[in-house]
Amino acid sequence: MIQIAVCDDENTVINQIESLLVSICDKEGMRADIDVFYSGSTLEKEVLSGTRYDLIFLDIQMESGDGITAAKNIRKTDENTLLIYVSGYDQYLMELFRLDVFAFVKKPIEAAAFQNLFLEAYQKICSKNFYYSFRYKSEEHKILCRDILYFESSGRQVRIHCHDGSVRVFNGKLSEVEEEVRRGKNPFLRIHQSYLVNYFLIRSRTKKEVVLVNGERLSISEDRQKNFGLEYGKLLRGEIDV
């Protein structure tokens, strides 16, 4: 799931963008959580409070404050979010380049062009910053998939082992996690009933085990050895071809 913020002081524009995003995600089988803001200052406060968005649609000119100022302050806190400006004006383009803006959408918004742009942004986000989100004790959490070594099934819980040595826990099934991460760009391979491993963080492998970049060894169950070997080989060949 990716986190999206839409900020504009026009209800019609907010509604149009939100409707387009929902329609595209439904059609493409993608998951997105969308927050709406009607001023740059409220969006800025939300980001400064710790909320992280993968993608922000931001109007340049709003009565309650311009989007360029908000973007400058957001960039001081979050260098990774993709910014897409929405405006009926183009005199700000040079300023936008200085803020590392991903794209510019001109009003009135054309649906087909918007879809192509969003799909391009989505692919960029997934290739670099695909998150796994989960809920535990009434709190929503998210972790960059590239930082996850492996998921481990432990009774009725799933343990997330991270590259930095930390372990996160939540209630769930490993089969459900496997289905969720399959939609992302970061491949995870099921090597055991209890293990779902990040392909990119496998240092080496034999027929019976994988060695992760931190030196940890995990067993490959006999019934999964053949399928794991096929999937691993396919991914490895893909990297070499690139």
Side-chain angles (χ1 to χ4, degrees), residues 1-5 21 24-25 28-35 47 50-56 77-82 102 118-137 139-154 157-205 210-218 220 224 227-228 230-239 242:
M1 176 180 289
I2 67 170
Q3 308 295 320
I4 301 174
L21 290 173
I24 296 168
C25 288
E28 300 292 333
M30 302 183 303
R31 299 175 62 201
D33 186 19
I34 305 169
D35 289 341
V47 173
T51 302
R52 293 291 178 265
Y53 293 104
D54 301 296
L55 176 60
I56 297 176
T77 302
D78 189 348
E79 297 179 352
N80 297 314
T81 186
L82 292 189
F102 179 73
F118 173 63
L119 291 177
E120 183 182 348
Y122 185 88
Q123 290 299 321
K124 184 176 178 67
I125 291 165
C126 289
S127 65
K128 292 185 177 180
N129 295 318
F130 188 78
Y131 290 92
Y132 182 76
S133 61
F134 62 95
R135 180 173 289 274
Y136 186 64
K137 293 185 177 179
E139 292 186 354
E140 188 76 21
H141 302 265
K142 70 174 186 176
I143 305 175
L144 280 169
C145 283
R146 67 187 184 198
D147 292 337
I148 298 173
L149 282 166
Y150 64 97
F151 295 90
E152 178 188 12
S153 175
S154 178
Q157 292 185 324
V158 174
R159 298 168 62 86
I160 304 176
H161 297 259
C162 299
H163 197 191
D164 64 3
S166 64
V167 178
R168 313 288 183 84
V169 181
F170 67 96
N171 298 322
K173 298 179 180 179
L174 196 59
S175 58
E176 295 174 352
V177 175
E178 185 177 13
E179 181 62 30
E180 291 173 9
V181 298
R182 185 174 289 133
R183 303 188 185 101
K185 285 289 185 180
N186 200 129
F188 283 81
L189 302 178
R190 190 73 176 265
I191 66 168
H192 190 281
Q193 183 177 352
S194 299
Y195 303 129
L196 183 62
V197 181
N198 186 342
Y199 164 77
F200 290 129
L201 297 184
I202 296 175
R203 177 187 293 167
S204 62
R205 59 127 182 177
V210 296
V211 181
L212 304 180
V213 293
N214 66 342
E216 190 171 355
R217 296 175 180 269
L218 298 176
I220 306 172
R224 295 183 185 272
N227 190 59
F228 168 74
L230 291 172
E231 291 185 353
Y232 186 92
K234 186 185 299 183
L235 289 166
L236 187 60
R237 286 192 298 274
E239 285 194 294
V242 172

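Counting begins at 1 with the first residue of the sequence. Computed from a predicted structure; not experimentally measured.
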Got a second to check how far [X]'s [atom1] is from [Y]'s [atom2], nearest 0.5 Å?
{"X": "Arg224", "Y": "Tyr195", "atom1": "CZ", "atom2": "OH", "value": "12.5 Å"}
{"X": "Leu149", "Y": "Leu196", "atom1": "CG", "atom2": "CG", "value": "12.0 Å"}
{"X": "Leu82", "Y": "Ile56", "atom1": "CG", "atom2": "CD1", "value": "9.5 Å"}

Tyr53: which of Asp78, Asp33, Asp35 passes side-chain hydrogen bond (donor to acceptor under 3.5 Å, both in side chains): Asp35
Among His161, His192, Gln157, find the residue that satisfies the side-chain hydrogen bond (donor to acceptor under 3.5 Å, both in side chains) test when tested with Glu152.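 Single side-chain hydrogen bond (donor to acceptor under 3.5 Å, both in side chains) partner of Glu152 among His161, His192, Gln157: His161.
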Give me the atom names and distance for the closest heavy-atom approach of [X] to [Y].
{"X": "Ile143", "Y": "Cys162", "value": "CD1-SG, 4.2 Å"}
{"X": "Met30", "Y": "Ile24", "value": "CE-CG2, 3.9 Å"}
{"X": "Val197", "Y": "Tyr150", "value": "CA-CB, 3.8 Å"}
{"X": "Ala32", "Y": "Ile4", "value": "CB-CD1, 3.9 Å"}
{"X": "Phe170", "Y": "Tyr136", "value": "CA-CD1, 3.6 Å"}
{"X": "Glu140", "Y": "Ser133", "value": "OE2-CB, 3.7 Å"}

State, yes or no, whether a side-chain contact exists between [X] and [Y] at a heavy-atom distance under 4.5 Å.
{"X": "His141", "Y": "Ile160", "result": "no"}
{"X": "Leu55", "Y": "Phe102", "result": "no"}
{"X": "Leu236", "Y": "Tyr199", "result": "yes"}
{"X": "Arg205", "Y": "Val210", "result": "yes"}
{"X": "Ser153", "Y": "Gln193", "result": "no"}
{"X": "Arg190", "Y": "Asn227", "result": "no"}
{"X": "Asp147", "Y": "Asp164", "result": "no"}
{"X": "Leu235", "Y": "Leu189", "result": "yes"}

For the residue pair Tyr132 and Phe134, categorise the inter-ring angle as parallel (less than 30°), tilted (30 to 60°) or perpendicular (more than 60°). parallel
Is there a donor-acceptor contact under 3.5 Å from the side chain of [X] to the main chain of [Y]?
{"X": "Asp54", "Y": "Gln3", "value": "yes"}
{"X": "Lys142", "Y": "Arg52", "value": "yes"}
{"X": "Asn198", "Y": "Cys145", "value": "yes"}

Given the rule in the side-chain contact (heavy atoms from CB on, under 4.5 Å) test, do Ile148 and Phe188 qualify, once you have shown the distances and angles that lead to the verdict? CA-CA 10 Å; Ile148 298 173; Phe188 283 81; 4.0 Å; yes
Given the rule in the side-chain contact (heavy atoms from CB on, under 4.5 Å) test, do Leu201 and Asn214 qualify, once you have shown the distances and angles that lead to the verdict? CA-CA 9 Å; Leu201 297 184; Asn214 66 342; over 6 Å; no
Between Tyr122 and Glu28: side-chain donor-acceptor atoms closer than 3.5 Å: no
